[in-house]
Amino acid sequence: MMIINLAGLLLIALIVWWFWLYKSEEAEVAEDGLVITVENGTYSPARITVAADSPTEITFLRKDQSPCSETLLIPDLQISDSLPQNKLKTISLPAMKAGTYDFHCQMQMYRGQITVQ
Amino acid sequence: MNSKNSNKTSCCSGKTKTTSEDITQIGQSNIDHASTQQELIIEGASCASCVSKIEKSLKQVAGVTSAEMNLAQRTVSVTGSAKSDKLIVAIEKAGYHAKVSTAASEDDAQSEKEAADKIYYKRLIRDMGIALSVGIPLMVYGLVVGEMTVSTTTEQLVWLLIGMLTLGVMVFSGKHFYVGAWQSFKNHSANMDTLIALGTGTAWLYSMVVVFVPEAVPEMARHVYFEATAMIIGLINLGLALELKARGRTSEAIKRLIGLQPKTARVIRDGIEVDIPIDQVMLNDVVRVRPGEKISVDGKVIEGHSAIDESMLTGEPMPVEKTVGTEVVAGTINKTGSILFEATRVGKDTALAQIINMVKRAQNSKPSIGRLADVISAYFVPVIMIIAVASALIWLNFGPEPVIAYAIISATTVLIIACPCALGLATPMSVMVGVGKAAEAGVLIRNGEALQTASKISAMILDKTGTITLGAPKVTDVILAGEFDQATVLKLAATLESGSEHPLAMAIVESAQEQGFLPEKEKQQESENGIDKVSNFKAIAGHGVQAEVNGKALLFGNEKLMHEQGVEIGDFVAKAQALAAEAKTPMYFVIDNKLAAIIAVADPIKEDSIAAIKRLQNNGIRVVMLTGDNRDTAKAVAKKVGITEFFAEVLPEQKSEKVQELQMQGEIVGMTGDGINDAPALAIANVGFAIGTGTDVAIESADITLMRGSLHGLADAIAVSKATLRNIKQNLFGAFIYNVAGVPFAAGILYPFFGLLLSPVIAGAAMAFSSLTVVTNANRLRFFKAEQH
């Protein structure tokens, strides 16, 4: 029983680490922009970095059919746009100050982050 | 307050950008037609070699200065003076298809979206059918025939077969959940798919263990849960399908707006009238609209006159008269006459396209009330996983036998019942419907925050001129004296004033023209009699004017002028004072040193201002009037419309101070003005309302724009905001309660007291319908009707 309890607690610790503490690698937006694929409930890549103080563009390709994934929101930048299915959609980002900017779908099930540095 | 202001600052940066871009575009096109940039969507181009072929063919078209194609987006951007139809022909010749990328493609995007949704809906229904056709018989068997346990080898075999069948259901109907769960797991994120995949996966795996190695679990716990897996997959697919349908209805308002745009326009090209697709209409094209047809793009009438129904944009039911020089707006309907107009704004720049754009953006923005739900839904799924593990551990440690079965059921049920979607959907769905509903009533709400604040407005400041009143002075009274008749008086007065640009003078000229005493301006030159000659004209600053017409000495001005000139006005002074008390400006008209009449001019109060202000007051809102006008006029107008609190002789820059004053008193202040002079006050108010007609309004300048002049729009906007906020609160409450009560219930909190433990199938059904409930409740807002007026 002790082992099971320990295993359970370890599982909880793993959940906390995997979903909250772990930070995945960041993809960098190069000069020619970057395509973020929206598929199977995720943005891929979900974490991107862009240079500070210069406007940039990121392109989304939504393959996901769920209606939630249709809306893209970047609240801090007052951006809200809809992503057509199976079509590229370019979102222009203004010049931003260094910091992090979250983007997500309408229900926040799909989440990503732009790091400006 | 603070949050509101900071919000404003942050939106302004984005806002300014859009506006200035729009202005640049419009400006450029007006000034230099040769420098327009057009974007075409190319169909059929798939390789890099197509790019050079298309670019080359475009560069050969006369007037094209540059053509650049973006293969990834299948678009080509062309600069130059060539018209879009010539470009399309060139591309067609090169072997591809092309169309102009403008607001008209909104329509295409909408229909594409609908087609995609339809396919998705069908797939969900099919998946549901397959899953339930396995799940329902199994569940009925469990309920009617008996326990689904494994004790003999035959049972083992039968259940193995059923287990494989369930696996088939999982792969076929539930694949998207498992793939989605895995993908997000890899990305260190968790979503609804994660919960469903974990829940159904746990149930299935446990059942397979029971089937393969029954000895591994205590005899009492040798129960299989294949029906739960199949039922949950079926029910959640059903929930998703119904939600998709319901979501479609939430965007009805935007669909209606997009539908207002006609598909073709009849333009005059090279002297011939041709019907062309709307996206090919260029700036300065001359467009013909016949009675019953829709106006295709924004423009200025250059020939003919007609009544135009603008109700679809403004909510104003009365058709509006249009003649040469007046503006027409895309999407409105020409009722009576045939007109020719010149296109002044096309494509993305038309008022309709901008309204659609703005409503769309507003529909996706969130008021702060939804912020807590957002924070919760971001952490929700991992928390639920932790609760599921904790619940299983508690059952294992303290539960009755068979602990393993109870632990599995409770963990599965917790995973399945939790619904982050309901939380996530609660706010956006209501905002979507609410903003759309407001747009239908001619009220454009810029964002969710404005919607939320508007519902809390406690004081409303109204600008007088142009807001409560029409903003255009008119002759209201002509009190005759002596033997003179109205025709003579008005004609002479108008002739005298015809050269003046003073608003009061213009009101007199217009009045005489309306009553047929004076020919209209454009006809004046052609008129046989011509206009009577004015000689010895003299303006007496601040007092009035004097001149001679047809040998008659005319004098027109205020009481002081009369005294100075020694004109006997007798008891007419009292009459003049009575008029002044009614917010009118009385002026004495004298012919050959004899008083002929008092002509009173006033800026009339809009027909429905009194009723609309009463509506606001009945809603418990403190209504305050601000005006730059003198105290007497202000007092009279305020009295007439039933406002007790007013500030007169307020300079434009003082208006924002008044707003702050009220805010200091703890009021949530709404400010209503025409959006230009009142800009600082509009910006500083908690909610700024701009009164516009939909054509010339700076849509971006206020939090809320009233498309028609009527102040009823204010009460409508507040009513719609209140209804939406109430709806959001219901949704949030429902979603919170559902999750807060559902999760402990699923974990088995009631078991120690009542012996109750929720079945995973019930949890699946509850989960599937919880988000549907939220969307359906939001859809109830569609039936919201502003008070009749």
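Worth knowing before you read on, the calculation uses all heavy atoms, side chains too, and leaves out hydrogens, waters and symmetry mates. Order of the sequence lines fixes the chain letters, A, B, ..., with proteins taken first and strands second; residue numbering starts at 1 for each chain. Please read all numbers here as calculations on a predicted model, not as lab measurements.
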- So what's closer than 4.5 Å to chain A heavy atoms on B/F380: side chain, backbone, both or neither? neither
- Message: Once salt bridge (Lys or Arg N to Asp or Glu O under 4.0 Å) is applied, do any residues pair with B/D127, and if so which ones, sequence neighbours excluded?
- Response: B/R123
- Between B/L732 and B/A426, what is the shortest heavy-atom contact and its length? CD2-CB, 3.6 Å
- Heavy atoms only, distances under 4.5 angstrom: which of B/A388, B/G180, B/A390 has the most pairs with chain A? Name it, please. B/G180
- Task: Assign the ring pair B/F185 / A/W18 to parallel, tilted or perpendicular, where the plane angle (0 to 90°) is split at 30° and 60°.
- Result: parallel
- Message: Is A/Y110 in contact with chain B via its backbone, its side chain, both, or neither, using a 4.5 Å heavy-atom distance?
- Response: neither
- Query: Which region of A/I4, side chain (C-beta onward) or backbone (N, CA, C, O), has a non-hydrogen atom less than 4.5 Å from a non-hydrogen atom of chain B, or is it both or neither?
  - Reply: both
- Look at the aromatic rings of A/F103 and A/F60 and report parallel, tilted or perpendicular, splitting at 30° and 60°. perpendicular
